[in-house]
Amino acid sequence: MDAENYCIAGRLRMLSRIMTSLYNGAFNGEEVTLPQAGLLMYIFAKPGIRQVELAQLLYIEKSGMNRELQLLQRNGWLTDNLKQGLFLTEEGRVKAKRCHKIWKALNLTMREQLGPEAVSGLDALSGQVFAFIAPAETQQTTTE
């Protein structure tokens, strides 16, 4: 199918599923998924971050965020008192560090495989999408 005729959202979703599958495979040994590893790494980097702030930062719906955080808690990687902010347990910090090492190596490999032109294109596309949604978010927050 040529670029003139495919659905942009459909193509992005397909690419997202492919990349998520590759990254999930890399995290199999840690028994986490890419979203869980991402949350561990974000919370490690910003201890005490509020659940709402993290959800907004990552564009994750509240229900999805709750499910993932509950799983992290059940596995003993997240403290029990979420109302105080999100904090990792010692086991969670160790897991986050191992996930970061895996992510860093895989991300480097993906950058090499895709090449600088594709990575720059992705960066440009991301910037345009974020610029596109920014006015709508600004308008929404001023009317609330």
Over all atoms of both residues, closest heavy-atom pair of [X] and [Y]:
X     : Y     : answer
Glu91 : Trp77 : OE2-NE1, 3.5 Å
Pro35 : Asn24 : CD-OD1, 4.1 Å
Pro47 : Phe87 : C-CE2, 3.8 Å
Arg50 : Leu86 : C-CD1, 4.5 Å
Val32 : Lys95 : CG1-CD, 4.4 Å
Leu40 : Gly92 : CD2-O, 4.3 Å

Point-to-point distance, once rounded to the nearest 0.5 Å, from [atom1] of [X] to [atom2] of [Y]:
X      : Y     : atom1 : atom2 : result
Met41  : Ile43 : CE    : CD1   : 11.0 Å
Leu72  : Leu88 : CG    : CG    : 8.0 Å
Lys46  : Leu54 : NZ    : CG    : 9.5 Å
Leu71  : Arg74 : CG    : CZ    : 5.0 Å
Leu34  : Cys99 : CG    : SG    : 9.5 Å
Leu106 : Phe27 : CG    : CZ    : 7.0 Å

Next item on the list: Taking the side chain as every heavy atom from C-beta outward, state whether Thr89 and Arg93 have any atom pair closer than 4.5 Å.
Entry: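 No, every pair of side-chain atoms sits at 4.5 Å or beyond.
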
Notebook entry, point to check: Do Asn66 and Gln51 have side-chain atoms, one donor and one acceptor, less than 3.5 Å apart?
Noted result: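 Yes, a side-chain donor-acceptor pair sits under 3.5 Å.
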
Next item on the list: Tell me, please, which residues at least two apart from Ser63 pass side-chain contact (heavy atoms from CB on, under 4.5 Å).
Entry: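 Once residues adjacent in sequence are excluded, the partners of Ser63 under the side-chain contact (heavy atoms from CB on, under 4.5 Å) criterion are Glu61, Arg67.
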
Exam field: side chain [X] to backbone [Y], donor-acceptor pair closer than 3.5 Å:
X      : Y      : result
Gln73  : Leu78  : no
Ser120 : Pro116 : yes
Thr109 : Ala105 : yes

Note to self: Does Val94 form a side-chain contact (heavy atoms from CB on, under 4.5 Å) with Phe44? I'd like the steps, not just the answer.
What the structure shows: CA-CA 10 Å; Val94 169; Phe44 181 87; over 6 Å; no

Item checked: side-chain contact (heavy atoms from CB on, under 4.5 Å) between Met19 and Met110, intermediate numbers included -> CA-CA 9 Å; Met19 294 304 287; Met110 294 309 302; 3.2 Å; yes

Next item on the list: Count the heavy atoms belonging to other residues, nucleotides or ligands that lie under 6.0 Å from CD1 of Ile8, then report whether that count exceeds 12.
Entry: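 Counting neighbours around CD1 of Ile8, 12 or fewer heavy atoms of other residues, nucleotides or ligands fall under 6.0 Å, so no.
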
Notebook entry, point to check: Can you tell me if OH on Tyr42 sees more than 12 non-hydrogen neighbours from other groups inside 6.0 Å?
Noted result: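 No - once you tally the heavy atoms of other residues, nucleotides and ligands closer than 6.0 Å, there are 12 at most.
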
